[in-house]
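Everything below concerns the one structure shown next.
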Amino acid sequence: MSEATVTAAPSLDPIVLARLTGKLGDTATISKLCATLGDVFSEFLPDMLESELGFEVAVSYAGFETGKYGPLIEGLGGAMAMCDASLRDWCDRFTLICDSPMIITLVENMLGAVSDSIEDPEARPLSKIELDLAAMMFDRISSVLKTAVSGANGYEPFLGHAHNAETRKAIEDGSDNEHVAMVNMAVGIGPVLSTFHVVIPQSVLLKSKISAPKAANAPKTRVEWSERLGEQVRRSKVTLEARIRLEAQTLDTISRLQAGDIIPFNESGDVRVEVNANGRNLYVCEFGRSGARYTVRVKDTYGSEDDLLQHIIG
């Protein structure tokens with residue numbers, strides 16, 4: 001009697017398995033769902049933003065992309081603000097992304113710049129204050145999203161911290177390999193054209209019923225938005241750096257300095273100190289002491305309050 005030959009069962013193709021388990025949809029279905037969601041953003045987000053900001057904002061659907069969570073987001077490159085979010089009874093994790101020119105332009109407009117005079121800003125990582133304002137924009141985007149999807153039962157979205165794309169770390173639970181769809185939206189503020197993106201797992205999107213809300217939530221007035229913006233700017237912590245000019249030394253002397261050696265200040269009277277933030281000079285100060293602590297006393301500024309805010313934010 002011959003030995004029975006044991007043959008391993010053929011493994012199922014991962015793509016086929018993902019389709020059978022509802023984790024991956026066909027292109028036509030995903031396209032329709034993304035376009036419907038894009039239409040909701042296009043219809044409701046401009047009115048919300050314009051009533052709050054006081055200037056025209058154009059929003060339009062710009063297509064969609066599909067892929068794995070991690071590679072799709074990494075493919076966008078840097079110089080973008082993003083946050084992971086969740087909405088109870090709908091999605092445990094979706095991601096909101098704004099490119100940096102959108103946030104920079106928003107800040108400039110809110111601080112009094114005229115839209116037509118603003119040039120297209122260069123994409124760059126955002127400062128801490130700009131990220132605080134990006135979080136406000138994510139809140140508006142997520143509030144429109146919440147009204148468009150059924151099954152959330154009136155819960156509010158939970159938003160993680162806004163951060164630069166460069167600081168994003170891969171998720172170790174395997175969700176970065178999840179099949180997702182990315183809804184791309186174009187945003188026009190004056191002459192500046194920018195984008196934001198909403199990344200949603202296909203397993204969630206395929207189960208969603210997307211429809212335009214019957215009535216938009218009553219938006220905040222421009223005054224309320226401006227007050228909140230001003231409060232956010234003034235509440236944000238900024239790292240200050242004080243620089244004191246030291247007496248000139250020869251290269252030979254500098255190379256021989258040891259721990260405990262003393263380098264005199266350049267001035268013999270009141271020592272001039274320049275205080276800056278983000279590389280921008282803010283104040284002219286004098287050096288002093290208060291008890292056991294060294295201090296600087298402000299003597300002059302490099303501009304008005306608005307000028308200082310612009311320098312710090314940029």
Side-chain angles (χ1 to χ4, degrees), residues 12-49 57-76 80 82-99 102 137-159 175-188 193-217:
L12 196 60
D13 183 275
I15 298 297
V16 175
L17 180 61
R19 291 190 186 279
L20 291 175
T21 55
K23 297 179 180 179
L24 179 64
D26 61 89
T27 302
T29 301
I30 296 299
S31 174
K32 183 177 180 180
L33 290 167
C34 289
T36 303
L37 187 55
D39 289 342
V40 174
F41 284 126
S42 299
E43 182 177 355
F44 289 92
L45 196 55
D47 289 342
M48 176 185 290
L49 295 178
V57 179
V59 179
S60 60
Y61 178 57
F64 75 101
E65 296 177 54
T66 59
K68 297 290 186 69
Y69 215 120
L72 194 62
I73 289 178
E74 291 172 4
L76 292 173
M80 292 192 169
M82 59 192 303
C83 80
D84 289 327
S86 63
L87 181 57
R88 187 173 173 181
D89 288 351
W90 181 65
C91 184
D92 292 334
R93 180 194 176 205
F94 60 95
T95 301
L96 305 174
I97 305 170
C98 289
D99 68 4
M102 176 181 176
M137 182 57 66
F138 290 143
D139 178 73
R140 293 301 181 271
I141 295 171
S142 65
S143 67
V144 173
L145 175 62
K146 181 197 75 170
T147 63
V149 297
S150 61
N153 294 328
Y155 294 112
E156 292 299 319
F158 174 80
L159 302 181
S175 58
D176 269 9
N177 287 321
E178 193 172 14
H179 294 281
V180 298
M182 181 165 66
V183 180
N184 302 319
M185 302 299 300
V187 180
L193 184 63
S194 53
T195 59
F196 75 82
H197 313 270
V198 181
V199 184
I200 305 169
Q202 291 193 32
S203 59
V204 172
L205 193 61
L206 290 167
K207 297 177 182 177
S208 301
K209 294 182 180 179
I210 301 172
S211 59
K214 294 181 180 179
N217 295 331

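- Lys146 approaches Pro157 most closely through the heavy-atom pair CD-CD, 3.9 Å.
- Applying the side-chain contact (heavy atoms from CB on, under 4.5 Å) test to Glu43 and every residue at least two apart in sequence or in another chain returns Ala212.
- Closest approach of Gly67 to Leu72, counting heavy atoms only: N-CD2, 4.2 Å.
- Expressed to the nearest 0.5 Å, how far CG of Leu87 lies from CG of Leu159 amounts to 10.0 Å.
- Distance check: Glu156 CD to Asp139 CG gives 8.5 Å after rounding to the nearest 0.5 Å.
- Not counting sequence neighbours, the partners of Asp176 by the side-chain hydrogen bond (donor to acceptor under 3.5 Å, both in side chains) test are Arg93, Arg168.
- Considering only residues two or more places apart in sequence or on other chains, Thr95 meets the side-chain hydrogen bond (donor to acceptor under 3.5 Å, both in side chains) condition with Tyr69, Asp84.
- In this structure, OG in Ser211 is found 12.0 Å from CG in Asp39, a value given to the nearest 0.5 Å.
- Shown here for Met102 and Thr195, the closest heavy-atom pair between the two residues is SD-O, 3.9 Å.
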### Task
For side chain to side chain contact (heavy atoms under 4.5 Å, CB included), just list the numbers for Met137 and Leu49, CA-CA rounded to whole Å, side-chain angles, deciding distance to a tenth of an Å, and then say yes or no.
CA-CA 9 Å; Met137 182 57 66; Leu49 295 178; 4.0 Å; yes
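- In terms of modelled atom types and a separation under 3.5 Å, the side chain of Gln202 and the main chain of Gly25 share a donor-acceptor contact.
- No donor-acceptor distance shorter than 3.5 angstrom exists from the side chain of Ser31 to the backbone of Thr27, with no hydrogens or angles considered.
- Atoms CD1 and CH2, on Ile200 and Trp90 in that order, are 4.0 Å from each other to the nearest 0.5 Å.
- You'll find the side chain of Leu76 stays beyond 4.5 Å of the side chain of Met82, heavy atoms only.
- The side-chain contact (heavy atoms from CB on, under 4.5 Å) test applied to Thr29 returns Asp26, Leu33, Leu206, not counting sequence neighbours.
- Between Leu205 and Cys34, the closest heavy-atom pair is CD2-SG, 4.0 Å.
- Looking at residues two or more places apart in sequence or on another chain, you find a ring-ring contact (aromatic ring centres under 6.0 Å, His included) between Phe41 and Phe196.
- Side-chain contact check for Phe64 versus Ile30: some heavy-atom pair is nearer than 4.5 Å.
- Residues satisfying the side-chain contact (heavy atoms from CB on, under 4.5 Å) criterion with Ala62, sequence neighbours excluded, are Asn184, Ala186.
- Here the NZ-CD distance, from Lys68 to Glu178, works out to 10.0 Å after rounding to the nearest 0.5 Å.
- Using a 4.5 Å cut-off on side-chain heavy atoms (C-beta onward), Val183 and Tyr61 make contact.
- Side-chain contact between Tyr155 and Asp89: present, with at least one pair of heavy atoms (C-beta onward) separated by less than 4.5 Å.
- Atoms CD1 and NE2, from Ile73 and His197 in turn, are 10.5 Å apart once rounded to the nearest 0.5 Å.
- Residues Ile141 and Cys98 share a closest heavy-atom pair of CD1-SG, 4.0 Å.
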